Engineer: 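After the structure tokens below, expect a handful of questions from me.
Quick caveat: nothing in here was measured; it's all calculated off a predicted structure.
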Amino acid sequence: MAAINDLISQIDDEELKKRITEELEKLTNQKKFGLVFEEHLPECVPLYDVPIKKGCKVALKAGKVNEYYTVMQVEGDNVYCTDKKESQLINFLKKDLVCIAEFGESIYPYLKQIDSIYKSDDKELPTHALIQADNYHALQLLEYLYAGKVDCIYIDPPYNTGARDWKYNNDYVDSSDTYRHSKWLSMMKKRLLLAKKLLNPVDSVMIVTIDEKEYLHLGCLLEELFPEARIQMVSSVINPKGNRRDNEFSRCEEYLFFVYFGDSKITSNGEDMLREAFEEDESNNRDIRLRALLRGASNHGKRTDRPNLFYPLLFEKNTGKFIGPGEVPPLDFNRNDYITPDGTVAMWPIGTNGTELTWNLQPSTLMEKHKQHFLSFSKWDGEKRVGYYLSEGQEENFKNGMYDVVGQDDDGAYIIKLKEAATKDVRPMTIWNKKSHSASEFGTTMLNNIFKDRRFSFPKSLYAVHDAIRFFVANKPNALIIDFFAGSGTSLHAVNLLNAEDNGKRLCIMVTNNEVSEDEAKSLIAKGFTPGDTEWERLGIANYVTWPRTVCSINGKNIKGEELKGNYIGSDIPMADGFKANAVFFKLGFLDKTSVQLGRQFKELLPLLWLKAGGWAKCPESEKLIKDNILPPYIILPENHFAVLIDEKFFSEFESRVNSENEIWIAYIVTDFEKGFKSMTKSLNVKKSYQLYRDYLDNFRINTERN
């Protein structure tokens, strides 16, 4: 629709324009079944690092990126362009322009290291990564690195509330935008299709959080894109105080869609996620709730319903010790006429209102339970004891080893507890209500304690993300987790906490752009700054929030260097200890295809090769490997588990070195010849080989049909 309206606006004949517009309105008013939206809305992304030269598309930094021009000539600081109509040559200053890429255009990305933190010297610990980039192009890069290898994708996309909380084509989307929902769905569909290629089809999960503005649309979109998956939606209370809505119910929850691929399943955490009392007071309670011996009246438990279950239980008068059952009397027998044996007291199944009820067990079955130590009674009060027993299902659990016998009472009944492992089999419910999921206390307040000022609106509770991810990676200590709407960086923080709890080596890759808030943008523009300027970039979310939070949480200190206070909930891990973790901060840039083909940009591609090989140990520094801009014939990096053959003439040496190193798992071979590549790889003792630069270039020759 947006493209059609754009074309209509270019029609000079007003009458024709009016008639086409009227017919278009009739067409769009026709209802269709299912999810209908404009899938081909144009989407453009600014590429601030790409140099402006003849033939490239550019837009004004302060304008809308879909209103672009084509560069015809560059003369010093002046750039001469034509608009879409190519009607005239327009002169701009180079500093006011930025290159743009339209959806479907080929791009050749690389990663430029901005910063790093290494808190662990464990060489077998993978290094987390934060990538500053538009997430669509970052997903193309991640497909090259991790296609089919990802265990869990967790994303918290913009909720499209209409409050100008996200951008499309570098412009805020608000409630007055006619294409608000179509833009959101179009944006999500493109990214979800790429994300699908990352997930391990055998056993993986995608988790998407959303609120009421788009949850219906999102649910339909997920079903459309992932027909092979199982999908569940969970309602999670994240604002216990509620968000007041005039003349409406106050909202207190958001929604999580869980998309299960292959054999993906939940690993229980021993909590049902709904009852806070269970979490607080009974998290370590392994007592088994036995079945009451007395049958209730509402359960056909009156004497007249089952007279064969109406009989006395005999206890020693002085001690209350259980002796056994008496005989079942006739229905017309008056229990008050019953004569008890000497020294005993008879207890009948009588309700609190005096109604004659029944026991749940026949006398023979009751004594069999007693013989097996499955019948127990409460304390003697001088007249009676309340009876309990193991049901048939509980007896089966006992036989299957789910219970521990921790002792016996005075009557010989087993004191039984649920085994520790069995407590973990509690099924979480589809409504979550945990105090630790409060976004205010464990999101906003936690972030404010790190930054000492408000830098990010509406961060997720750390524990809400931790719990959601944990259900699927608890038994995967080496899981790969990706978040391409990283925001403040809660996902990496949560993965580090998971690793600290069980000594895992899970790897998290986060992606976020470097946008500033609308108010900050206005202030910066008023001061003469535009996107791409140092002053602007410094206040962007990746530089100002996501990376500083990552560093602070790993170091265990706030932005001022003061130790963080308290322990992480549910553990004895002090926040001040930080984490034994490593992380690198990258910025996505774009390379010239011809330079890549000629092998001139190996240094820029080195971080990609490191990540593709697993991201082990520290990211290798090209400055230490390449002297005076002269590439060595090959590079052997046992610590990083990969090697690169740059000059084919040195293959024999390369082969000998690689095969003598048990720690080389991945080999990259620079060659233009497919047969030569296959021949060389046959003699290498590695898990996987890749042909450079063909493997890289082929991956990024993308177009809209591919997706």
Side-chain angles (χ1 to χ4, degrees), residues 120 122 124-126 128 146 149-156 198-209 229-234 236 256-275 278-280 282-286 402 418-437 442 460-483 490-510 553 567-573 579-581:
S120 173
D122 183 353
E124 295 308 310
L125 186 71
H128 304 303
Y146 303 122
K149 298 179 181 179
V150 176
D151 297 288
C152 173
I153 290 178
Y154 176 96
I155 55 173
D156 180 36
L198 302 179
L199 290 162
N200 175 5
V202 177
D203 176 11
S204 62
V205 66
M206 177 185 289
I207 307 169
V208 189
T209 63
R230 294 169 288 125
I231 301 175
Q232 266 194 306
M233 190 184 82
V234 165
S236 178
L256 296 90
F257 281 98
F258 292 89
V259 187
Y260 303 78
F261 293 90
D263 296 328
S264 179
K265 56 183 178 297
I266 288 173
T267 300
S268 176
N269 63 354
E271 300 176 16
D272 68 5
M273 303 297 287
L274 173 61
R275 289 181 283 270
F278 176 83
E279 174 191 347
E280 290 185 346
E282 300 179 21
S283 58
N284 296 315
N285 183 4
R286 298 186 292 122
M402 290 181 63
L418 197 62
K419 282 185 180 292
E420 288 282 0
T423 62
K424 297 180 181 179
D425 196 41
V426 176
R427 292 287 92 184
M429 299 191 182
T430 54
I431 296 180
W432 295 358
N433 183 22
K434 292 172 63 69
K435 291 179 181 178
S436 61
H437 288 195
F442 301 106
K460 283 277 185 291
S461 161
L462 170 66
Y463 306 105
V465 179
H466 169 279
D467 287 347
I469 294 174
R470 185 203 173 282
F471 281 126
F472 299 92
V473 301
N475 292 334
K476 295 181 178 181
N478 299 305
L480 172 58
I481 298 117
I482 285 179
D483 180 355
T490 309
S491 54
L492 193 151
H493 198 161
V495 170
N496 276 335
L497 180 56
L498 282 167
N499 285 341
E501 290 171 342
D502 63 5
N503 295 314
K505 295 184 178 181
R506 301 172 185 86
L507 173 62
C508 182
I509 308 294
M510 296 192 300
S553 61
N567 291 354
Y568 286 104
I569 291 178
S571 72
D572 58 356
I573 302 172
F579 300 109
K580 296 295 182 182

Engineer: For Asp151, is there an ion pair with Arg506 - N to carboxylate O distance below 4.0 angstrom?
Structural biologist: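 So Arg506 does not pair with Asp151 through a salt bridge.
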Engineer: Quick one: CG on Leu492 to OG on Ser553, what's the gap to the nearest 0.5 Å?
Structural biologist: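 So the gap between those two atoms works out to 7.0 Å.
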Engineer: If you round to the nearest 0.5 Å, how far is CD1 of Ile153 from CD1 of Ile509?
Structural biologist: 12.0 Å
Engineer: Considering all heavy atoms of both residues, which atom of Trp432 and which atom of Ala468 are nearest to each other, and what is their separation?
Structural biologist: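 That would be CH2-CA, 4.1 Å.
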Engineer: Between Ser461 and Ser436, what is the shortest heavy-atom contact and its length?
Structural biologist: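 Looking at all heavy atoms of both residues, the shortest contact is OG-O, 2.6 Å.
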Engineer: Ignoring hydrogens, what is the shortest heavy-atom contact between Val473 and Leu498? Give both atom names and the distance.
Structural biologist: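 Minimum heavy-atom separation between Val473 and Leu498: CG2-CD1, 4.1 Å.
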Engineer: Output a table of donor-acceptor pairs, distance under 3.5 Å, between side-chain atoms of residues 256-266 and any protein atom two or more places apart or on a different chain; print 'none' if there are none.
Structural biologist:
from	atom 1	to	atom 2	distance (Å)
Tyr260	OH	Gln232	OE1	2.8
Ser264	OG	Ser204	O	3.3

Engineer: May I ask you to test the Ile155-Asp483 pair for a side-chain heavy-atom distance under 4.5 Å?
Structural biologist: yes
Engineer: Using every non-hydrogen atom in the two residues, find where Val205 and Leu199 come nearest and quote the distance to one decimal.
Structural biologist: O-CD2, 3.6 Å
Engineer: Taking side chain to side chain contact (heavy atoms under 4.5 Å, CB included) as the test, write out the residues that go with Ala494, two or more places apart.
Structural biologist: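 Result, side chain to side chain contact (heavy atoms under 4.5 Å, CB included) vs Ala494: Leu462, Val465, His466.
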Engineer: Give a yes or no on whether a salt bridge exists between Glu501 and Arg470, defined as a side-chain N under 4.0 angstrom from a carboxylate O.
Structural biologist: no
Engineer: What's the shortest heavy-atom distance between His128 and Cys508, and which atoms?
Structural biologist: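 Closest heavy-atom pair between His128 and Cys508: ND1-N, 3.0 Å.
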Engineer: Please verify the inter-ring angle class for Phe442 with Tyr463; under 30° counts as parallel, over 60° as perpendicular, anything in between as tilted.
Structural biologist: perpendicular
Engineer: Can you tell if the side chain of Glu271 reaches within under 4.5 Å of the side chain of Pro428, non-hydrogen atoms only?
Structural biologist: no
Engineer: What I want to find out is whether Lys460 reaches Asp156 closely enough, with some N-O distance under 4.0 Å, to be called a salt bridge.
Structural biologist: yes
Engineer: If you round to the nearest 0.5 Å, how far is CD1 of Ile481 from CD1 of Ile469?
Structural biologist: 6.0 Å
Engineer: Are Ile482 and Tyr146 side-chain neighbours, meaning at least one heavy-atom pair lies under 4.5 Å?
Structural biologist: yes
Engineer: Side chains of Asp203 and Lys476, heavy atoms from C-beta outward: is any pair under 4.5 Å?
Structural biologist: yes
Engineer: How close do His437 and Met273 get, heavy atom to heavy atom, and via which atoms?
Structural biologist: CE1-CE, 3.8 Å
Engineer: Going from CG on Asn503 to NZ on Lys580, what distance comes out if it is rounded to the nearest 0.5 angstrom?
Structural biologist: 12.0 Å
Engineer: Just verifying a value: how many Å separate Phe471 CZ and Cys152 SG, rounded to the nearest 0.5 Å?
Structural biologist: 12.5 Å
